[in-house]
Amino acid sequence: MKRRTFLKFATAATMSTLAAPYVHAQEKKFAGVTLRVGGWGGTYDEAIKKSVAEPLEERTGMKVEITAGTQSADLVKLVANKDNPPFDIYQADSAYMVDALKADIVQEIKESDVPNLKRLLPGFREYGDYGVPYSTFTYIPIFNSEEVERPLESYTDLTRPDLKGKIVLPAATFDTYWLFLLGIAEENGGSITNMEPAFRLLEQAKDNVVALGQSTVAMIQMVENDEVAAAVLSDARGYELRAKGLPVISVFPPKGIYGATSYMNIPKNAKNTEAALAFLNEMLSDEGMLALPKAMRLGVTTDVKLPQEIAKDLTFNSPERIALKKSVDWKQWMGDRSARIERTNKILRG
């Protein structure tokens, strides 16, 4: 081999060796970045970790740290630390989005920032360019078919006299849970600005309520232990109870089903905004979108194709069911929060 040819070959080989790790590093766009996500714990966080965080880490090098908490506590932390937020992503349901926007702690997120936003189904961006909707859930009556002789069919049926001493309701501070009260109002001629029909029926049926659950876990345990025969729980929790073998039936009120949407937000002044946008886009991918339906049978917000074995367990799994989905004036609902809590506690604890 001529010296010139050898030197050319040797130089090329050396450059190739040097370039390989450089190119590899370039592919790992977020290597060295740790994204901090405010989580909700348990199966919920594990599903997101498995289907969103892990694929993203493998592809981009991004580390995702999900810290279990509550949206109310995380909101307080963000308000107290506006200049140095403890999270890069804050999760909130429709009700807490009102407070987050009022506190001016989250950024706008446009389709140009998160391309998969174009896959959203109509009606899910309740707050314009604020928040990325990634999951939907309902709060509906459930009952044990072996303990309740006549099936429940509506929100109003929770007030039936044959259910005396058989119901657990969530604490009145759980804003989305208490949409069942709006359901009772509207089934009886009321509205979000006229809740009197619901309060009157609640007054008549207060002996039905055994307890006000301070957590979802506590309410589920009461159902499992046969301490109650009916409750107001999310559609996902109804599925969870059935999966455990309990004869629990979820009720889909024919005059409309109330629920809410879960959103992911990027706080203002977040340290890793670019990485957070990549995470949100991954959340809306097919794999990300199927994470919570697979694990908990929570509903989707995009055009993802649902496997039949999952779809059959979801609330909004047909055009007829989708037509029952009720919209909520969240600003009005949260504006009436204090008065509603005071009134319901007075009725049920008086």
Side-chain angles (χ1 to χ4, degrees), residues 44 48 71 89-102 106-140 155 175-183 185-187 191-193 234-236 250-266 277 280-286 288-293 296-306 310-336:
Y44 201 97
I48 292 175
Q71 55 187 331
I89 290 180
Y90 167 60
Q91 298 187 68
D93 65 29
S94 300
Y96 274 88
M97 284 295 294
V98 174
D99 292 333
L101 292 175
K102 186 176 180 180
V106 296
Q107 304 179 28
E108 284 186 298
I109 300 172
K110 299 184 181 296
E111 193 174 298
S112 56
D113 301 317
V114 178
N116 278 335
L117 279 170
K118 66 179 178 294
R119 299 186 60 184
L120 287 176
L121 299 172
F124 276 113
R125 291 207 88 179
E126 300 168 293
Y127 299 96
D129 287 334
Y130 288 97
V132 170
Y134 68 92
S135 182
T136 181
F137 55 95
T138 62
Y139 282 109
I140 49 181
Y155 289 110
D175 302 296
T176 48
Y177 274 91
W178 273 78
L179 287 171
F180 81 86
L181 194 67
L182 178 56
E186 293 205 337
E187 287 173 355
S191 67
I192 197 167
T193 57
S234 72
D235 44 3
S250 294
V251 178
F252 305 112
K255 292 189 177 181
I257 300 171
Y258 282 95
T261 300
S262 298
Y263 292 84
M264 288 187 178
N265 300 272
I266 303 177
L277 291 171
L280 296 179
N281 201 55
E282 189 76 11
M283 188 74 227
L284 296 183
S285 69
D286 282 353
M289 186 55 39
L290 289 174
L292 294 170
M296 304 176 71
R297 296 309 193 264
L298 288 166
V300 300
T301 59
T302 74
D303 61 2
V304 63
K305 184 173 177 57
L306 290 163
I310 293 176
K312 66 181 178 60
D313 296 318
L314 300 184
T315 298
F316 300 117
N317 59 5
S318 69
E320 292 76 18
R321 284 275 184 81
I322 292 171
L324 292 175
K325 187 177 184 293
K326 301 284 282 188
S327 61
V328 179
D329 182 342
W330 291 105
K331 189 173 182 180
Q332 177 75 47
W333 185 248
M334 294 304 287
D336 295 337

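Any value given below was found using the heavy atoms of this structure, including those in side chains, with hydrogens, waters and symmetry copies removed. A quick note: this is a predicted structure, and the numbers were derived from the prediction, not measured.
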Exercise. Would you say the side-chain atoms of E187 pair up with the backbone N or O of K255, donor to acceptor, closer than 3.5 Å?
Worked result: no
For this session: Find out whether L117 and R125 are in side-chain contact, i.e. whether some heavy atom of one side chain is under 4.5 Å from a heavy atom of the other.
Result: yes
Problem set entry | Option from D303, T301, T302 for which side-chain hydrogen bond (donor to acceptor under 3.5 Å, both in side chains) with R119 holds | D303
For this session: Taking all heavy atoms of G259 and all of V328, pick out the closest pair and write down the distance.
Result: O-CG2, 4.4 Å
For this session: Answer yes or no: is there a donor N or O on one side and an acceptor on the other, between the side chain of D99 and the main chain of Y96, under 3.5 Å?
Result: no
For this session: Using modelled atom types only, decide if a donor and an acceptor are shared between the side chain of T261 and the backbone of S94 within a distance under 3.5 Å.
Result: no
Problem set entry | Between OG1 on residue T315 and CZ on residue F137, distance to nearest 0.5 Å | 11.5 Å
Exercise. For Y177, does its backbone N or O pair with a side-chain atom of Y258 as donor and acceptor, under 3.5 Å?
Worked result: no
Exercise. Is there side-chain contact between V106 and L101, with heavy atoms separated by less than 4.5 Å?
Worked result: yes
Problem set entry | side-chain hydrogen bond (donor to acceptor under 3.5 Å, both in side chains) partners of T138, counting only residues at least two apart | D235
For this session: Taking K118 for its side chain and P115 for its backbone only, find out whether a donor-acceptor pair lies under 3.5 Å.
Result: yes
For this session: Considering non-hydrogen atoms only, spot the tightest contact between S285 and E282 and give its length.
Result: OG-O, 2.6 Å
Exercise. OG/S135 to CE/M296 distance, rounded to the nearest 0.5 angstrom?
Worked result: 8.5 Å
For this session: State the CG-CD distance between N265 and Q107, to the nearest 0.5 angstrom.
Result: 9.5 Å
Exercise. Shortest non-hydrogen contact from A260 to T136?
Worked result: O-OG1, 3.2 Å
Problem set entry | Inter-residue atom distance Y134.OH - M283.CE, 0.5 Å rounding | 6.5 Å
Problem set entry | Exceeds 12 heavy-atom contacts within 6.0 angstrom, atom NZ of K305 | no
Problem set entry | Donor-acceptor under 3.5 Å (Y130 side chain, M97 main chain) | no
Problem set entry | Residues F316, I257; criterion side-chain contact (heavy atoms from CB on, under 4.5 Å); working and verdict | CA-CA 10 Å; F316 300 117; I257 300 171; 4.1 Å; yes
Exercise. Can you name the closest pair of heavy atoms from K110 and D129 and give their distance?
Worked result: NZ-OD2, 2.9 Å
Exercise. What's the verdict on side-chain contact (heavy atoms from CB on, under 4.5 Å) for L306 and V300, showing C-alpha distance, side-chain angles and the deciding distance?
Worked result: CA-CA 9 Å; L306 290 163; V300 300; 3.9 Å; yes
Exercise. Rounded to the nearest 0.5 Å, how far does CD1 of I322 lie from CG of L121?
Worked result: 7.5 Å
Exercise. Could you go step by step and tell me if E186 and Y155 meet the side-chain contact (heavy atoms from CB on, under 4.5 Å) rule?
Worked result: CA-CA 10 Å; E186 293 205 337; Y155 289 110; over 6 Å; no
Exercise. Is a donor on one side and an acceptor on the other found under 3.5 Å between the side chain of N116 and the backbone of N281?
Worked result: yes
Problem set entry | Heavy-atom closest pair, residues Q71 and A92 | OE1-CA, 3.2 Å
Exercise. Quick one: does S262's side chain have a donor or acceptor within less than 3.5 Å of a partner on P133's backbone?
Worked result: no
For this session: Go through W333 and T176 one step at a time and tell me if the side-chain contact (heavy atoms from CB on, under 4.5 Å) criterion holds.
Result: CA-CA 9 Å; W333 185 248; T176 48; over 6 Å; no
Problem set entry | With F180 via ring pair (Phe, Tyr, Trp, His ring centres under 6.0 Å) - residues at least two apart | W178
For this session: Mind listing the closest non-hydrogen atom pair of I192 and D329 along with its distance?
Result: CD1-O, 3.5 Å
For this session: Indicate yes or no for a side-chain donor-acceptor contact from N317 to the backbone of A311 under 3.5 Å, with no hydrogens or angles considered.
Result: yes
Exercise. Rounded to the nearest 0.5 Å, what separation is found between the CD atom of Q91 and the CD1 atom of I48?
Worked result: 5.0 Å
